[in-house]
Amino acid sequence: MANSATAAPKVRSFPKVEFTDSEAGALEFPSSKSRTYNYFTPAKLRATVYEDVTVDVQPDPERHLSQGWIYGFGDGPGGYPQEWTAAKSSNWHAFLDPNEEWEQTIYRNNSAVVRQVALCLENAKRAGAYGNWNTAWQKFIASNLGAWMHAENGMALHVFTSIQRSGPTNMINTAVAVNAAHKMRFAQDLALFNLDLSESLDTFDGSVHKQVWASAEEWQPTRKVVEELTAVGDWAELLFGTNVVFEQLVGQLFRSELVMQIAAKNGDYITPTIVGTGEHDYSRDLGYTRALFRLLTRDEKFGESNRELFGRWLAKWVPPCLDAAHALQPIWSQPAEKTLTFADSLGATKEKFTQLLEEIGLDVPKELEK
Amino acid sequence: MSRQSLTKAHNKITELSWEPTFATPATRFGTDYTFEKAPKKDPLKQIMRSYFPMEEEKDNRVFGAMDGAIRGNMFRQVQQRWLEWQKLFLSIIPFPEISAARAMPMAIDAVPNPEIHNGLAVQMIDEVRHSTIQMNLKKLYMNNYIDPAGFDITEKAFANNYAGTIGRQFGEGFITGDAITAANIYLTVVAETAFTNTLFVAMPDEAAANGDYLLPTVFHSVQSDESRHISNGYSILLMALADERNRPLLERDLRYAWWNNHCVVDAAIGTFIEYGTKDRRKDRESYAEMWRRWIYDDYYRSYLLPLEKYGLVIPHDLVEEAWNRITNKFYVHRVAQFFATGWPVNYWRIDGMTDADFEWFEDKYPGWYNQFGKWWEAYNRLRYPGRNKPIAFEEVGYEYPHRCWTCMVPCLVREDLVVDKVDDQWRTYCSETCAWTDKVAFRPEYEGRETPNMGRLTGQREWETLHHDRDLADIVKDLGYVRDDGKTLIPQPHLDLDDPKKLWTLDDLRGIRFASPNVTLNEMTDSEREEWAAAYRANPNVTAA
């Protein structure tokens, strides 16, 4: 038997609580009421949480950074040089994300989407919703939505994730980082939807998407433009080419003006719910993109040169994106229920694109009418 | 989601990548490493569908705790000694966090492995989370703590302060130079795998002991993301090890990254833990004891040493020397003394040490009192304005140190000072390794091999040079470290807010000239410099009784 009677009891050690009266208002002294971040001017009377947690976290030698960047690249300065884009601004810090994305909004919004998609998929399985899909529609989804998810993933990793290292302010880079998260989540949702369908339908080909994306004639111009976009070094051109041109003329054409319009008529009420989340993301992401480029076209000092620059970018990116759009025309004929024509879809797409360019303050490029 | 379905889902997601044939992604950030022979290593699996709700749940707990802290009047029991140091720490840390996000495409560009790309992109979102959640915590402190001054100027002060610049390496180092050196070895293999343990686990423990349970709430939530990041880093490291040509670069980068992290992180976190606490229980772990547990045992012995089986040369000598500096050379204590010496150009207040502190330090670090005791007694004696200047400008036997050109922490272990003429300028270094980092590692050639992608040390690296030969009052005013009455300083060498007469103002600094040690050094003749360096190394810098 252990000699427990004589062993000294173990003394627990813990820090002492001490009442220090260190609450706000306990004393009055200089700055005792200085309870706002005072090194930037908020857009409105009071700073938003977004501004408080975002502004000036990435320092700038043009603002408060007195010692400059302390590391450089082998071939140039470090930090976030404004020369990493040909676009110019009198004050890059004037851009604030209209979506005010920060930690809480990112997880709340995306979790809401995750729940919406999960519930939708659960209900679909319970209701046997995929059983109503005809062969043509199964093939359409397997091939075309399957091909498109590659484009979404490519943009997530090699467009938006890349850009967020390069913008000159924290506000720009964080907005783009959230855009990357949207794209990655959406691409994965499409892939996992594909997996669900493979497991639910014996006739669904869950692997054909790779071949369609790699070699199907109608998708090659789309893949080409996505790959060419990822090869662009100028971050603002990459953002412009992707969110202003490609997403409008190809992304929206496919998602909004085709899939969203025809799915229900083909007995599919599941796909629009999932693709709709991608459209919702794009709508948010277009919001910050529009605000950024509008700021640049309206810049007192550089507005004119920026408009010229963006005109050149339009001339560069509109033709390949239109090629990609036109190449997709055959897929409008693939579903059994053809409820709208390619011309209708493209017409609506061009109209939205034109409106966006007007909002940004750019002329509609002549290439659009070719 | 079950393990089997998670694997299936992850396999499906890997189908999303493809080999481009029309054009390849732009390489914005180069590397001298090669991955041609690298086997594909799988990082920890994470899909967005489970990631977002998991993080949302973690957030809900954090924000619930924040509400609870306010409702429960946490600030009635927070130690001001502790919260004041948070003005420095929380001004620095959101930048390294957001820099880690910005570093991810550098690693993606450099490493041809789509499965790692996925993990790196998720890490990017984590880091946005960490940066903004920390900024928000700081805002709560500013709103609810007795003295908001210093929190209110936070990111500006971070950008124009000597200590902020030291901390900025732990951030700029992630995003600049060779993509693998920066985004993998420095950021993930060393900073995240080794030093986040002291940053995000050891330090929050100390916060809780000082009445602040929000710092642990937020930082443990942050730390729970780190295991995925460590997995990303380890996967890339193993890929790099597959090619013999990478070995010299890996060994160079491990030496640089280890030593720089030690110089910077141990300086800051060691000071916060040892000098920010009021908890002087003898069985409370010292920073050295924490370091032994979290870094020496958990990182060095469990993570670094096993890499030897892959033939990698581990910087054993630098690990041992870091330990030697922390224990025998009083590194952390010398840093804390330097911070306190420079109090007029800080944006936080520093509490003096008391007899209870002295006793604890002597117990944990034998010999502490002989080295530092009299100086802290002088600090207390000189803490109020009126009869004396700030301690840095009074004769207390303390010689203001020169700054290390590389790590920018001053050369505080005086016998280890290195003086050399580099790029046509006389520079001082705290150690041989910091001198090597500038002279050998951060150069376009390394061991006879071209390394064009390696970074460069740039910028106004000696803070004092910016303010050389100016009036101290003007410097502090220009920095913005003045309270809203236009004259009282934000920094104070004590915590007494109850009596305006105890608070230093710009008038108390007027007439004091501020000088840059490096400017002075470059004005010396060769013989003067040699004499000065010998005296510098020999000076124990001890305040006389």
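Naming convention: chains lettered A, B, ... in sequence-line order (proteins, then strands); numbering from 1 in each chain.
If you measure heavy-atom distances from Val49(A) to chain B, the contacts under 4.5 Å come from both the backbone and the side chain. Heavy-atom distances place no part of Phe40(A) under 4.5 Å from chain B, backbone and side chain included. For Ile108(B), the part sitting under 4.5 Å from any heavy atom of chain A is the side chain, from C-beta outward, and nothing else. Interface remark: Asp56(A) contributes backbone and side-chain atoms alike to the contact with chain B (heavy atom separation under 4.5 Å). Contacts between Val226(A) and chain B at a heavy-atom distance below 4.5 Å involve the side chain alone, from C-beta outward. For Met454(B), the part lying near chain A is the backbone, with the side chain staying farther off; criterion is any non-hydrogen pair under 4.5 Å. There is no contact between Leu190(A) and chain B, counting heavy-atom distances below 4.5 Å. At a 4.5 Å heavy-atom cutoff, the contact between Val53(A) and chain B is made by backbone and side-chain atoms alike. No part of Asp60(A) comes within reach of chain B, as not one of its non-hydrogen atoms sits under 4.5 angstrom from that chain. With a 4.5 Å cut-off on non-hydrogen atoms, Leu503(B) touches chain A through its side chain but not through its backbone. Using a 4.5 Å cut-off between heavy atoms, Lys224(A) touches chain B through backbone and side chain atoms alike. Both the backbone and the side chain of Gln220(A) come within contact range of chain B, each with at least one heavy atom under 4.5 Å from a heavy atom of that chain.
Relative orientation of the Trp219(A) and Trp213(A) rings is tilted, given thresholds of 30° and 60° on the angle between their planes. Below 30°, between 30° and 60°, or above 60°: for Tyr145(B) and Phe75(B) the angle between ring planes is between 30° and 60°, a tilted geometry. Ring pair Phe95(B)/Phe158(B) is tilted by interplanar angle, where 30° to 60° counts as tilted. Using cut-offs of 30° and 60° for the angle between ring planes, the Tyr51(B) and Tyr107(A) rings count as perpendicular.
Residue Lys487(B) qualifies as open at atom NZ: its count of foreign heavy atoms under 6.0 Å is 12 or below.
For the pair Arg115(A) and Glu56(B), the salt-bridge criterion is met [side-chain N within less than 4.0 Å of a carboxylate O]. Using a cutoff of 4.0 Å between basic side-chain nitrogens and carboxylate oxygens, Glu199(A) and Lys8(B) are scored as salt-bridged. With salt bridges taken as basic N to acidic carboxylate O contacts below 4.0 Å, none links Arg46(A) and Asp52(A). No salt bridge links Arg35(A) with Asp152(B); every basic N to acidic carboxylate O contact stays at or beyond 4.0 Å. With respect to the salt-bridge test (charged N to carboxylate O, under 4.0 angstrom), the residues Asp484(B) and Lys33(A) do not qualify. Between Asp281(A) and Lys183(A) no salt bridge is recorded (no basic side-chain N to carboxylate O distance below 4.0 Å).
Asn118(B) is listed as a side-chain neighbour of Gln188(A), based on a closest heavy-atom distance under 4.5 Å.
Taking chain A as the reference chain and counting heavy-atom pairs below 4.5 Å, the highest number among Leu497(B), Asn160(B), Asp485(B) is found for Leu497(B). For the options Lys139(B), Arg461(B), Arg443(B), His130(B), heavy-atom pairs under 4.5 Å to chain A are most numerous at Lys139(B). Contacts with chain A were tallied for Leu457(B), Ile490(B), Asn136(B), Val128(B); Asn136(B) has the most, counting heavy-atom pairs under 4.5 Å. Among Thr488(B), Asp279(B), Ile125(B), the residue making the largest number of heavy-atom pairs under 4.5 Å with chain A is Ile125(B). For the set Arg28(B), Glu19(B), Arg284(B), Glu55(B), the entry with the most heavy-atom pairs within less than 4.5 Å of chain A is Arg28(B). Of the residues considered (Arg281(B), Met408(B), Glu462(B)), Arg281(B) shows the highest number of contacts with chain A, using heavy-atom pairs under 4.5 Å.
Side chain to side chain, Arg102(B) and Asn170(A) meet the donor-acceptor criterion of an N or O pair below 3.5 Å. No side-chain N or O of Thr451(B) forms a donor-acceptor pair with one of Asp32(B) less than 3.5 Å apart.
Contacts from residues 71-78 of chain A to chain B, taken as heavy-atom pairs separated by less than 4.5 Å, involve Tyr71(A), Gly72(A), Phe73(A), Gly74(A), Gly78(A) in sequence order.
Aromatic ring centres of Tyr141(B) and Trp82(B): separated by at least 6.0 Å.
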